[in-house]
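Residue numbering restarts at 1 for every chain, and letters A, B, ... go by the order of the sequence lines. From a predicted model like this one, the values you see are computed outputs, not experimental measurements.
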Protein chains: 2
Amino acid sequence: MKAKETVDALGALAHDTRLEAFRLLVQKGPDGLPAGMIAEKLGIPPSSLTFHLQQLAHAGLVTQRRVSRQLFYAADFAAMNGLVAYLTENCCGGETACGPVCEPVKIAIKSQPKRRSA
Amino acid sequence: MKAKETVDALGALAHDTRLEAFRLLVQKGPDGLPAGMIAEKLGIPPSSLTFHLQQLAHAGLVTQRRVSRQLFYAADFAAMNGLVAYLTENCCGGETACGPVCEPVKIAIKSQPKRRSA
DNA sequence: AACGCAATTCGATATTTCTTGAAATATCGT
DNA sequence: ACGATATTTCAAGAAATATCGAATTGCGTT
């Protein structure tokens with residue numbers, strides 16, 4: 001049943017608004033942001049935002065925690081990494097003769113100086 | 001316009017049949033597989049397969065090459081890695097104080113012994 | 001308890017995506 | 001050129017997803 005979860009996660013990310021929201025949260029780190037601030041940054045009405053955050057949450061890509069009146073959302077980094085792992089699993093059949101095509105791109109670059117190019 | 005391309009790629013992968021097809025191709029390596037064989041393995045009619053492969057191709061995730069009467073499809077590993085990079089870009093704002101949450105999972109495991117568990 | 005603020009649920013509409021048979025195109029062998 | 005094989009294109013109905021205003025719930029303050 002891993003495939004189904006993965007499809008959910010990919011589908012959750014496959015949308016302008018949600019991708020933007022998710023990336024915002026990835027860049028914000030474990031503390032996350034309150035829904036209202038996300039809605040404001042994305043320029044969409046609250047009810048629309050809720051709809052999209054729920055898809056991300058249902059897919060396990062973001063977590064939710066209440067702080068007083070606000071609901072903070074944060075990226076779930078383990079889920080994100082799990083998703084990536086699933087996509088690339090057993091690349092080239094695990095053959096060592098595969099060449100450099102399976103080489104990872106060093107995802108998630110905390111040790112590097114800021115780079116915004118990709 | 002990088003966001004739009006990413007949404008396309010994620011959308012292309014966010015479907016049962018297409019995810020299965022893509023993973024099949026990832027595991028098959030650079031040589032890929034002819035359309036007919038993919039359709040057979042997935043158990044779907046040819047016209048349906050074409051529809052899905054086109055989405056993957058349009059998103060740049062697979063390439064196409066003709067060999068006699070057959071059309072071979074293969075995963076585009078650079079595109080896949082670019083997608084992952086975009087998702088995780090500037091994780092935690094690039095702060096070194098972020099902790100282990102941005103740590104990559106060592107995607108693409110070509111040095112492991114064969115495992116077919118998924 | 002009453003008020004205000006933050007966010008969600010509901011509902012109805014609009015839009016997009018999926019599916020697959022039938023017909024068309026491309027390539028090969030004879 | 002003809003027939004067979006491999007795959008794509010077309011069309012249109014079916015299914016899933018997106019949008020957002022109005023009403024509602026949860027929480028804190030007075």
For the pair B:R65 (side chain) and B:F72 (backbone), establish whether a donor and an acceptor sit closer than 3.5 Å, ignoring hydrogens and angles. no

Mind checking A:S48 for me? I need base, sugar-phosphate or nothing, with any heavy atom below 4.0 Å counting as a touch. base

From C:dT27, C:dC5, C:dT8, pick the nucleotide closest to the side chain of A:P46? C:dT8

Between B:L33 and B:L24, is there a side-chain heavy-atom distance shorter than 4.5 Å? yes

If Ile, Leu, Val, Met, Phe, Trp and Tyr residues are connected whenever their side-chain heavy atoms lie under 4.5 Å apart, and connections chain through other members, are B:V62 and B:M37 in the same group? yes

Residues in residues 11-19 of chain B with a heavy atom under 4.0 Å of DNA chain C, by number, are B:H15, B:R18

Please list, in numerical order, the residues of residues 36-45 of chain A that have a heavy atom closer than 4.0 Å to any atom of DNA chain D. A:P45

How is A:F72 classified with respect to the nucleic acid when contacts are heavy atoms under 4.0 Å: base, sugar-phosphate, or nothing? nothing

For DNA chain C, which residues in residues 49-58 of chain A have a heavy atom at a distance below 4.0 Å? A:T50, A:Q54

Measuring from B:L13:CG to A:T6:OG1, what's the distance to the nearest 0.5 Å? 10.5 Å

Contact list for residues 19-36 of chain A, test salt bridge (Lys or Arg N to Asp or Glu O under 4.0 Å), sequence neighbours left out: A:R23-B:E89

Take the C1' atoms of the five end pairs on each side of the helix from C:dA1-D:dT30 to C:dT30-D:dA1, get both axes, and report the angle to 10 degrees. 30°

Are OP1 or OP2 of C:dT27 and a side-chain N or O of B:R66 less than 4.0 angstrom apart? yes

So what does B:S68 hit on the nucleic acid, given a heavy-atom distance under 4.0 Å: a base, only sugar-phosphate, or nothing? sugar-phosphate

When you list every nucleotide of DNA chain D with an atom under 4.0 Å from a heavy atom of chain A, which one comes first 5' to 3', and which comes last? D:dA18 to D:dG28

